[in-house]
Amino acid sequence: MRSIRVSAAADYAATTAPGWQQVPAETVELVPAPMEMQPNGFIQAQLGGREYGKTPLIEAQSVHDGDTLAVRLRWPSERPFNGGREGFPDGAAIAFPIRGEPALWSMGTDDEPVQFIQWRALKNEIRSVVAWGIGSSVPGTAVSEAVTAGWSQGHWTIVMLRTLAGGPEAATLVAGASTLIGFAVWNGTNEERAGLKAVSIDWTPLDIDA
Amino acid sequence: MSVKVSRRSFLKAGAAVTATLALPDFVTRSGQPLTALAARRPPDYGKIVDIYRNKWTWDKTVRGTHMINCWYQAHCAFDVYVRDGIVFREEQAADYPQLNPDVPDMNPRGCQKGCSFSQRMYEESRIRYPLKQTGKRGSGEWARVSWDEALDDIADKFLDVIIEEGTDRVIWDMGPDINVGAANAAQARLAQLTHSISLDSNSSNGDAHRGAFETFGNIYMDRSIEDYFYSDVILFWGCNPIVTSIPNAHFFTEAKYNGSQIVCIAPDYSPSAIKADLWVPLDPGTDAALALAVAREIVEGGHVDEAFVAEQTDLPLLVRMDTGKLLTEAEAKRGRTDRFTLMDETRGPMTAPAKSLDLGGLTPVLDVDTEITLPDRSRVHVRSVYSLLKDRLKPYTFEAVSEMTGTPVKVIEKFTRLCIGAKALSNVSGSSMNKYFHGNLTERAMILIWVLRGQMGKPGSGYSAFSFLANDGWEDYVSGFRNADRAKFGWDIGTGLLGKLAAGDTAEMFFKDLGHNSFKDIGGNLPIWTSSAMFWHIHGGVMELAEEAAQWVPGLKKTVKDSVVEALDNHWVPVQPPRGSDPRMMFHYCSNPLRSVRGSQKLLEVLWPKLKLSVTIDFRMSSTAMWSDYILPAAAWYETTDHKWVTPLVPFNHVTNKAVEPLGEAKPDFWIFTMLAKHMEKRAKERGLTTIKSHLGKTIKLDNLYEDMTMSGRFLEDDTDKAAGAIIEASANLSHVSWEEQKEKGYARYNDIGISPLAIGNAGKLEEGKAFIPLTYHLHDKYPYPTQTRRIQFYIDHDLYLEHDEHLPTYKAPPKIGGDYPLMMTGGHTRWSIHGVWRDNRLMNRLNRGQPYIMIGVEDAKARGINDGDWVRCYNDVGSFELRVKVTHAMRPGQAFMYHAWENYQFEGKGEPRHVSPSPINPVELAGDHAHLRVGMLEGQPNCFDRDTRIEMERISGPRKQTAGLPSTGLPEKVGTGLPSGSPAA
Amino acid sequence: MSKRQVAMIIDLNKCIGCQTCTVACKTNWTSGEGQEGMWFNQVYTAPGYGTPKNWEKMGGGYKDGEPQPGVRPAQGDFGEGFEFNYKEALFSGAGNEALKPIGDEPTWGMNWDEDVGAGDYPNSYFFYIPRICNHCTKPACMEACPRGAIFKREEDGIVIINEDHCRGLRFCQSACPYKEIYYNHVTGHAQKCIFCLPRMEQGVATACSRQCPGRVRFLGFLDDEDGPIHKLVNVYKVALPLHPEYETQPNVFYIPPLSPEKFDDEGNPTGEDRIPLDYLESLFGPEAGPALEKIKAERAKKQAGQDSELMDTLISKNFLDLFGPFNKHPKEIEQIAVALEREPVYTPPEIEITHRNGNGGSSQ
């Protein structure tokens, strides 16, 4: 997919910002994170045959203004849920390799960590985390982040903003260069969290306009 | 491809990762090692332990306890933990010494209520400032007022009442905080200096152990808890110690491991029954029949300890069959009318020894049925009490008693064998039996078992009745330590009493007379006490509920009202103020009559309108405080220093130290009473008042009240600590340990029972290293009992007893109080509160059901279409109340069980459980003008009852959904769309 | 496998169901926000649903070494921490509103079926079971955490959750067959019994042990051959794990309960215990019967005036003998200074008195 150069990414902060009409959308197929990927037998046993990660696809658009990158995500969601007191909230994440080309499914490796920007409907907040492997994610270098989210007509739409600049534990994005982006969606109503999610199995190339 | 992968992964659902073969090919393609699948662990558990270490830090601890009447449990030493000026928790001190190597130590001591008083004292129901009800009573229109404003107004009304209508129109009603320490001494001193009246609440509590009183002339008799370790058979009878004696309970479970057998006699399979070897289920209120079956077997089977009963009891005494009265020395051979006669084996009728129980050379015949010639040559048929008792017991065969109690014959037989075979038979003190209309008969029948077997006064054996132990310096303080030579006697003693000692009366009789004296309405020196049962019945209107008592209680010859009037006219059981003189002002000192009095619905209707002022002194909002004109905020028990009465079970004085400043403007009780005296003196002076005469013609010095109250400045309002110490120093049974030491340690063991009328009846030695056994002064040292015959007395020849066929122990079926309804409502003390004090505490309620409930059995519930948690209406002829139901497997069919002390404000609608218990006074308990049937301290007064109450219950609804005040729990169903705020679709 | 393992024995013959342990634990550790309905220690009446409601039917643990599926208990299953309408009920006029839990009327709570029991009267039966985290030798919670946030300490086998790393995913709640893990919805972390680590590390017995008026609990290291734990578990074999079939190897053991003799159909005493043995076996496994027989035989010795080391151990005349090396008085210890800021003590809010008679509102 492509991140189109615009004059001010801030104009695209709202999920309903008119500018998005002109930005081509990439549809990425999502699949349930494979059972084999679940880190332990208890999670596998608990799930039994229960279906999860059935969100079939996610539409992604992106713009940037040289400093800030905005990503708009839209995916089907029958019933929006913020998790309440005891449940699990709907959520979505985008991933960038911090260096190298680690496998997305394993959430990075010792030498090739992955940055995730996660959104959760609970407090409508995002956080940037860094992972060196499954279950290892911890807060990463803060890149200035923002999010707006809304649900209508059976879809969540959110816009995540981040600076292109990164750090040791956050991917640095460079205008005019290409990187990779990955996607994940959690359906809270179905108690999806952690490895119980719909994921894009492999990276999607992301070309950032000069 | 990826879709294929995911489908395959579903087929493999549940399988653990086994080999690379099982992996989707993109995984292997990525060349990642399998270890990547294992969760990456953080190095360690991080700072979490520090977070918890942090919770376990404090600025200081002090020793404390709880100034509450938790009776058998009393008391427990705690370390009170303070952080940032707040008591955030408490933990048992748990450093009591072991009495001796035979027995367990008593650590840690302390129940869940004591372990969470810190949560209780800061509860939202805490009273923090003086409050005045500015709307009508019960309106809840409260204004915060200053102490000066409140005390001036109360002082003025106090003065108005005693000037216009008399000092006996001001009533002090003391609740469970009565401590026989400084706080309570200040109240008593103010009452004495103003000759106002204090209620003895024991009778309306239904704790008066009337049967023990009739038999021993005394109700105070209990052992120290370690003594159970010497029992081989322990009876839980009329008690539920696993619930009501939590700190002591381990002695029972440990004694069981040590080989003791425990028998629990109760209608329901109670929490105490589960610890028993044998549970004897029976219909509620039929216990006397069971006891008499055992007594019969002891007599018929030849198991009577004849030497014991000949020396210690009235069984050998002779009764005139023509009058039914005991044969006096005066009748038998000219002499005293207060000496009685027995039949000596060789010398015929002889006067029973009176100054000692020692028989000297006499050999009394037990079974006497003969004619004797009196000095006037007349012949009279006499029988010994033993002979009459034998006949009285005849009907109580196992089969007949099985009919009366609903207990299978084999169970009664087994129970009887255990009682008779016991080497050391004990019971556990409890008050349930007193709360039955015929509880006096039940207790007399129970006592027969111990006495006929001579099971008294040995380690591990003996009957326990009323449990109480107090310092004996308290009365000195109340009296102002006046007159050194009488300092120990404290009160203003009539010289006639001193004379009695010379006449061979014991100190016990002497001090009991002091108690009696403080109730007398005529010829008394100091009637500052009155029977609460009589007060509520006459001035509170409760008696009106008992108009139908004749229908409920078979064989009543008079209405309850006529019986009460007769007792008043004869000055048997006086009441203050006298009938016809209305009380005008009441101080509810942590008392809560609107909750606690059986038939309390009459109080608001009859008593409250008579009151010019109702003042509640408490640290929490009570059902009664809601209807008071003032609430004065008392300091909680960690906010002041004082000490507290206990029981022989744990014969240690317990001290609480001030850990933190009182919350808001709360003040120690001692301060409140002393300052009230100060304001009364001030207002008296301002109004030009000097002295008035009390209702007894004694002079009350109004313009010198504060001066008198403080003993000329010796104990000012802020001197709680000093006053508490002075009481200890004046106590012969506690002064061996300094007050400072007691404060530091939190407790000190009594070295003697002492001479307080509240303890002397225990009549035994408190020795180092030995378990305490009551009544040994009588049983070993042969001092006579404070009864008519100076012996353990089963034959009561008072006319009322003869008239009601209660001159000997007998069984009378429980009356149908409240009307003929199928369920008998029993009850008892709860785990979750001491009286009402923890009922409004959220922590205790979270461990309970959060609301009042009544328990019934599975079958009774089914028959009424009631499910667990349903709402029901319970009703009878006199009242009704609504609450939820707990259906249990433990209840006896026909039994409904209501734990006590829920506050009225916890019930929906008007009614509460006290409203169905009219509690008619049992006429025989009005007996007076008798050698030992006389009103005294906590004893000899008519009881209030509730256990015989009959009710029916009907289902109202299932659990109710809340209509208002939804909590913000964020539960999914309450989240609505679950949308984050500010999102377009929200 | 830890180097050493602390263990606890709970004597059900001594337990009186007073919940003092529950309260002691509460005031020590869980008076914070989000912990209103949280009980690291609970006591329930057995037979009964227990807490969380029906926990024995919620799965988790292992079978033949294989992880078993489990249900994640909801707060409602544990029972809510009721909040009350104090102002409306107590300070707004008598009879205005009854004091009661806010919200829908409770239909469950931690101790909801207290003293309900089972059996047809007069063969009713029940007893009390206190429970805490079993600090298992093979903790299912630890294996179930995808973030590896749960630890079993080398030095004493205490199982601890690293709340910094915990993301509130709650797989541990489903995996624990004893359902002893709670979710704090305010902090978003899983929380559970810490075996009073700050006390134990200083030689002070756990709050639930030292504050137990029934003297129900024994403490010590499993391998301490002189301690009561080793004697009761390994020598006399009267202390048994709860639900050994869950295969997590709990380190809390129970002395099974004696009970009053049962009545036959005519209501005559039979001499047999009224608690059905098969019920006790369902809780404590096949060793329940032999353990009870052992206890009865040793008690009979005492009744015959003979000595019994087992009975003396169960009695423990000296309170401190219950706790092995953890017998220090809290006042003897040095408070450990930690870097963290001390959290403020929670006290309930002050109720505002608004009275409708001039003078405006005044605070009470």
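All of these numbers come straight from a predicted model, not from anything done at the bench. Per chain, numbering begins at 1; letters A, B, ... match sequence-line order.
Expressed to the nearest 0.5 Å, how far CZ of C:Phe82 lies from CG of B:Leu847 amounts to 9.5 Å. Taken from CD in C:Glu343 to CG in B:Asp84, the straight-line distance is 10.5 Å, to the nearest 0.5 Å. Considering CG of C:Leu320 and CG of B:Asn107, their distance stands at 7.0 Å, rounded to 0.5 Å. Taking CG of B:Asp79 as the start and NZ of C:Lys331 as the end, the distance is 4.0 Å to the nearest 0.5 Å. In this structure, B:Gln92 CD and C:Gln211 CD are separated by 5.0 Å, a value rounded to the nearest 0.5 Å.
Of the two parts of C:Ser308, neither the backbone nor the side chain holds a non-hydrogen atom closer than 4.5 Å to a non-hydrogen atom of chain B. With a 4.5 angstrom heavy-atom cutoff, B:Trp58 touches chain C via backbone and side-chain atoms both. Contact annotation for B:Arg137: neither backbone nor side-chain heavy atoms come within less than 4.5 Å of a heavy atom of chain C. For chain C, no part of B:Ala625 is nearby; none of its heavy atoms comes within less than 4.5 Å. Residue B:Tyr96: no heavy atom, backbone or side chain, is found under 4.5 Å from chain C. Of the two parts of B:Thr61, only the side chain, counted from C-beta on, holds a non-hydrogen atom closer than 4.5 Å to a non-hydrogen atom of chain C. For B:Tyr905, the parts lying under 4.5 angstrom from a heavy atom of chain C are both the backbone and the side chain. Only the backbone of B:Val103 comes within contact range of chain C, with heavy atoms under 4.5 Å apart. Within the 4.5 angstrom heavy-atom criterion, only side-chain atoms of B:Trp871, from C-beta onward, approach chain C. Proximity to chain C (any heavy atom under 4.5 Å) is shown, for B:Gln261, by both the backbone and the side chain.
For C:Asn28 and B:Tyr81, the side-chain atoms include no donor-acceptor pair closer than 3.5 Å.
Applying the side-chain hydrogen bond (donor to acceptor under 3.5 Å, both in side chains) criterion to C:Asp113, with sequence neighbours excluded, gives no partner residue. Residues satisfying the side-chain hydrogen bond (donor to acceptor under 3.5 Å, both in side chains) test with B:Arg831, not counting sequence neighbours, are C:Glu114, C:Asp115, C:Tyr128.
Among B:Asp95, B:Val49, B:Ile86, B:Ile246, the residue with the largest count of heavy-atom pairs under 4.5 Å with chain C is B:Ile246.
With respect to the salt-bridge test (charged N to carboxylate O, under 4.0 angstrom), the residues C:Glu105 and B:Arg849 do not qualify. With salt bridges taken as basic N to acidic carboxylate O contacts below 4.0 Å, none links B:Lys410 and C:Glu266.
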Q. Could you walk me through whether B:Arg846 and C:Glu83 pass the side chain to side chain contact (heavy atoms under 4.5 Å, CB included) check?
A. CA-CA 9 Å; B:Arg846 284 169 181 172; C:Glu83 300 294 347; 2.9 Å; yes
Q: Apply side chain to side chain donor-acceptor pair (under 3.5 Å) to the pair B:Gln112 and C:Gln19, showing each step before the final yes or no.
A: CA-CA 6 Å; B:Gln112 83 281 38; C:Gln19 304 273 6; over 6 Å; no
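Classified by interplanar angle (parallel below 30°, tilted 30° to 60°, perpendicular above 60°), the ring pair B:Trp56/C:Trp29 is tilted. Aromatic ring pairs are classed by plane angle as parallel below 30°, tilted from 30° to 60° and perpendicular above 60°; the pair C:Tyr121 and B:Trp279 is perpendicular.
Both cation-pi conditions hold for C:Arg274 and B:Tyr269: the charged atom is under 6.0 angstrom from the six-membered ring centre and inside a 45 degree cone around its axis.
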